[in-house]
Amino acid sequence: MQEYKVSIIIPIYNSEEYLEDTIKNVINQSIGFENIELFLIDDCSKDNSRKIIKKYSQKYNNIKPILLDKNSGHPSYPRNIALEKVTAPYIIFLDSDDKLFDDYCEVMYNLISTNDLDIVNCNHTSKLNDKLYIPQDISPIDLTTKTYVNDERLLILNHTVWGNIYSTSFFRENNIKFLHMLFEDVVFSVYCLIKTQKEVIYLPNYPGYIYLIENDASVTHDVSVKTLNDFLKVMELIYNLLRENCSEKIKIDLLNDLMNMVFFILSKLSNKSEGIKILYDFEKKLDFTLTPLSLPFNILNKIIMKKHFKIALILTKLMSILYNNKKIRNFLFIKYSGVKELKTK
């Protein structure tokens, strides 16, 4: 039986535009594709994603296709199916429209296996208009800078499952699975950081995961009042998870960070008035005041909490106009997200 070093799990739904490039990116990893077990889980796509999966799984024995007969509605179910089947000692989650630095698997595998850890986390690169952007404070990209975290500061690391490598035994010994809900990866990543009894290595100067920003088919671009309610449920669940696991400051810092997504969803709603009142009711239940990290969101949030709903509605509509203009949205990201262009050869 083939022994792999890493299992990569990719949930797929209507991803034909990006999927083939993502698969090729995994095949070309410096660790050697023969050391990778690749799970491609199709959640009953309506496009040609399944054909692409079949094409590559017929060519490579280490590509494991899982073709679902019914759409599950969330990446959680496809990921959980693959988690039960992985045979490698370490697991990487990759979205079907994203990519990895060519040495990503090798770098992350060497760190987690050499140090006998549950989790290794790295920074990320953003892809926008075929250009790559990395945090401004990375100069240069290097692997020597490592942050060893073994206290509650773990909880304010990256709140996604991508950009990490995990120990398979850690998942199985703690029966860790994804909840079947929207934004399940946020809860999953925080729960993993709570459960680990080992330190986590963070690579601040290695943005090895390449996240595609402008995929308009992404779940974060298709929003409704239900989306807002679902994300607020995630925040409430995290709040309850953190009650017994961290200080008040860390808990508030984490929720303030997540508020950026709340206002992103709010800007995309057709019924913004209802969304504003839902947010107000949610925050009133908390035993502390939220202060979003973004200054514009912070100001808007204060207006909402003072029940100036008409003013909040006008500002939210203005925010929506700005966001829905792709050129303005991209300009604001480049200008105010603390990033710089990564020049490639």
Side-chain angles (χ1 to χ4, degrees), residues 2-10 18-40 56 59-64 82 86-128 130-149 157-158 160-168 170 189 192 198-213 339-345:
Q2 172 70 43
E3 292 186 3
Y4 302 106
K5 293 181 177 179
V6 176
S7 293
I8 297 180
I9 296 174
I10 305 180
Y18 308 100
L19 182 56
E20 195 151 11
D21 285 342
T22 299
I23 294 173
K24 289 178 180 177
N25 175 252
V26 173
I27 290 172
N28 292 325
Q29 284 290 301
S30 64
I31 197 172
F33 188 51
E34 69 277 6
N35 294 309
I36 298 174
E37 180 182 44
L38 176 58
F39 286 91
L40 303 176
Y56 281 90
K59 187 174 181 180
Y60 298 97
N61 292 330
N62 53 331
I63 294 182
K64 317 289 184 179
V86 298
T87 64
Y90 302 103
I91 297 171
I92 289 171
F93 296 102
L94 175 61
D95 287 350
S96 58
D97 54 355
D98 294 341
K99 292 182 180 180
L100 310 169
F101 278 18
D102 289 343
D103 62 352
Y104 180 88
C105 290
E106 185 176 9
V107 167
M108 301 294 271
Y109 170 81
N110 286 340
L111 272 177
I112 196 169
S113 60
T114 302
N115 294 278
D116 187 29
L117 301 175
D118 294 329
I119 307 168
V120 170
N121 177 254
C122 74
N123 217 322
H124 76 278
T125 297
S126 299
K127 184 177 181 181
L128 180 64
D130 292 324
K131 293 183 179 180
L132 301 179
Y133 296 90
I134 61 174
Q136 288 179 350
D137 55 2
I138 296 180
S139 182
I141 293 175
D142 76 81
L143 300 173
T144 59
T145 305
K146 304 180 184 70
T147 300
Y148 295 83
V149 189
L157 290 175
N158 190 22
T160 62
V161 295
W162 49 259
N164 298 282
I165 186 169
Y166 296 96
S167 163
T168 304
F170 168 64
S189 60
C192 288
K198 301 177 180 179
E199 65 183 4
V200 172
I201 290 181
Y202 171 56
L203 300 175
N205 291 341
Y206 179 70
Y209 190 98
I210 304 173
Y211 173 72
L212 178 67
I213 290 180
V339 296
K340 61 184 179 183
E341 186 176 348
L342 175 62
K343 301 294 184 179
T344 56
K345 295 179 181 180

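Since this is a predicted model, take the numbers as computed values, not measurements. Quick note: residue numbers are just sequence positions, from 1.
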Does any part of the side chain of [Y], heavy atoms only, come nearer than 4.5 Å to the side chain of [X], both counted from C-beta?
| X | Y | value |
| --- | --- | --- |
| Phe39 | Ile10 | no |
| Phe93 | Asn164 | no |
| Leu38 | Asn62 | no |
| Asn115 | Ile201 | yes |
| Ser113 | Tyr109 | yes |
| Tyr133 | Leu128 | yes |
| Leu40 | Ile63 | yes |
| Cys122 | Tyr202 | no |

Can you tell me how far apart [atom1] ([X]) and [atom2] ([Y]) are? Round to the nearest 0.5 Å.
| X | Y | atom1 | atom2 | value |
| --- | --- | --- | --- | --- |
| Ile8 | Tyr90 | CD1 | OH | 15.0 Å |
| Leu212 | Thr125 | CG | OG1 | 12.5 Å |
| Phe101 | Met108 | CZ | CE | 12.0 Å |
| Ile119 | Glu199 | CD1 | CD | 12.0 Å |
| Ile36 | Ile31 | CD1 | CD1 | 6.0 Å |

Apply side-chain contact (heavy atoms from CB on, under 4.5 Å) to [X] and list each qualifying residue two or more places apart in sequence or on a separate chain.
| X | result |
| --- | --- |
| Thr168 | Val86, Ile91, Arg172 |
| Ser189 | His159, Tyr166 |
| Val107 | Asp103, Leu143, Leu203, Tyr206 |

Looking at residues at least two apart in the chain, or sitting in another chain, which of them share a ring-ring contact (aromatic ring centres under 6.0 Å, His included) with Phe170?
-> none
side-chain hydrogen bond (donor to acceptor under 3.5 Å, both in side chains) involving [X] - partner list, sequence neighbours excluded:
| X | result |
| --- | --- |
| Ser96 | Ser15 |
| Ser126 | none |
| Asp118 | Thr196 |
| Tyr56 | Glu20 |

Sub-3.5 Å donor-acceptor pair from the side chain of [X] to the main-chain atoms of [Y], do we have one?
| X | Y | result |
| --- | --- | --- |
| Asp95 | Trp162 | no |
| Glu37 | Thr87 | yes |
| Asn123 | Pro207 | no |

Smallest separation among heavy atoms of Ser167 and Ile112, with atom names = N-CD1, 3.9 Å
Closest heavy-atom contact between Phe33 and Ile27?
-> CB-O, 3.4 Å
Pairs where residues 21-35 contributes a residue and the test side-chain hydrogen bond (donor to acceptor under 3.5 Å, both in side chains) is met, not counting sequence neighbours = Ser30-Glu106
Contact list for residues 134-147, test side-chain hydrogen bond (donor to acceptor under 3.5 Å, both in side chains), sequence neighbours left out = Asp142-Thr144, Asp142-Thr145, Asp142-Asn205, Thr145-Asn205
Ile210 and side-chain contact (heavy atoms from CB on, under 4.5 Å): which partner among Asp97, Leu132, Leu100?
-> Leu132
Plane angle bin for Tyr209 and Tyr104 - parallel if under 30°, tilted between 30 and 60°, otherwise perpendicular = perpendicular
Would you please name every residue forming a salt bridge (charged side-chain N to carboxylate O under 4.0 Å, His left out) with Asp98, sequence neighbours left out?
-> none
Under the salt bridge (charged side-chain N to carboxylate O under 4.0 Å, His left out) test, which residues partner Asp116, sequence neighbours left out?
-> Lys198
